[in-house]
Amino acid sequence: MTHQYELMVILSPEIDERQVAPNLDKFLKVITNDGGTIENVDIWGKRRLAYEIQKKTEGIYAVVSFTATSATTQELDRQLNLNEQIMRTKVLRAEEAIAMIASEKQRADEKAARKAARPAKPVKQDA
C-alpha cells in the first residue's frame, strides 16, 4: 500500500548548490525503481541551522514530496543516512506533515494574539 510522504533533507554546505538536485536524484531512484512517484522536489538552498550539526552552522535544505510504500521509504532513509554529505533527514507521512504545520501555525497565531494583547511599554521621556 502506498502513502504520500514528505522528506526533508539537510545537505552539507560544502556541496555546490547546482549539484544538490543530481545528488538527490541518485537517492530518489530507490522510489521510482520500486514503483513510487516523485511529486515535487523543492530545493530551499543554504540556510542557517538552529544549532550546530557536525560542527557546521549552515546546511542546504531540500524538501521532497513523494508516494511510495513504507518499505521503500525505509530503504530511502537508510541510504540517505549512510551518505556523508547528508547531515539530517526527516521523513513524514503527508497527513502528519499537514497536522504539524497546522499546529505550528496555531501556536504562532496564539503567540501573536498574546503579544498584541499585551499593553505597550511606556516610553521614557527625558526631562
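Numbers for residues simply follow the sequence, beginning at 1. Source: prediction; values computed, not measured.
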When you look at CD of Glu84, are more than 12 heavy atoms from neighbouring residues, nucleotides or ligands closer to it than 6.0 Å?
no

Taking atom NZ as the centre, does Lys56 end up with more than 12 heavy-atom neighbours from other residues, nucleotides or ligands that are less than 6.0 angstrom away?
yes

In terms of hydrophobic clusters joined by side-chain contacts under 4.5 Å, are [X] and [Y] together?
X	Y	answer
Tyr51	Val9	no
Tyr5	Ile38	yes
Ile10	Leu28	no
Leu92	Leu24	no
Ile53	Met8	yes

Salt bridge or not for Glu75 and Arg78, using N-O below 4.0 Å?
yes

Is any NZ, NE, NH1 or NH2 atom of the basic residue among Lys105 and Asp109 found under 4.0 Å from an Asp or Glu carboxylate oxygen of the other?
yes

Counting C-beta onward and ignoring hydrogens, is there a side-chain heavy-atom pair between [X] and [Y] closer than 4.5 Å?
X	Y	result
Val64	Asp42	no
Thr72	Phe66	no
Leu11	Met87	no
Leu7	Val63	no
Thr69	Thr2	yes
Glu17	Lys46	yes
Val41	Ile43	yes

Look at the side chain of Asp34 and the backbone N and O of Val30, then say whether any donor-acceptor pair between them is shorter than 3.5 Å.
no

Can [X] and [Y] be counted as having a side-chain donor-acceptor contact under 3.5 angstrom?
X	Y	value
Thr37	Glu39	yes
Ser70	Thr73	no
Gln4	Thr67	yes

Carefully, step by step, assess Glu6 and Val91 under the rule side chain to side chain contact (heavy atoms under 4.5 Å, CB included).
CA-CA 6 Å; Glu6 189 168 281; Val91 179; over 6 Å; no

Hey, what do you get for [atom1] ([X]) to [atom2] ([Y]), rounding to the nearest 0.5 Å?
X	Y	atom1	atom2	answer
Arg114	Glu110	CZ	CD	6.5 Å
Glu52	Leu49	CD	CG	9.0 Å
Thr89	Asp77	OG1	CG	4.0 Å
Thr57	Lys55	OG1	NZ	13.5 Å
Lys29	Gln79	NZ	CD	12.0 Å

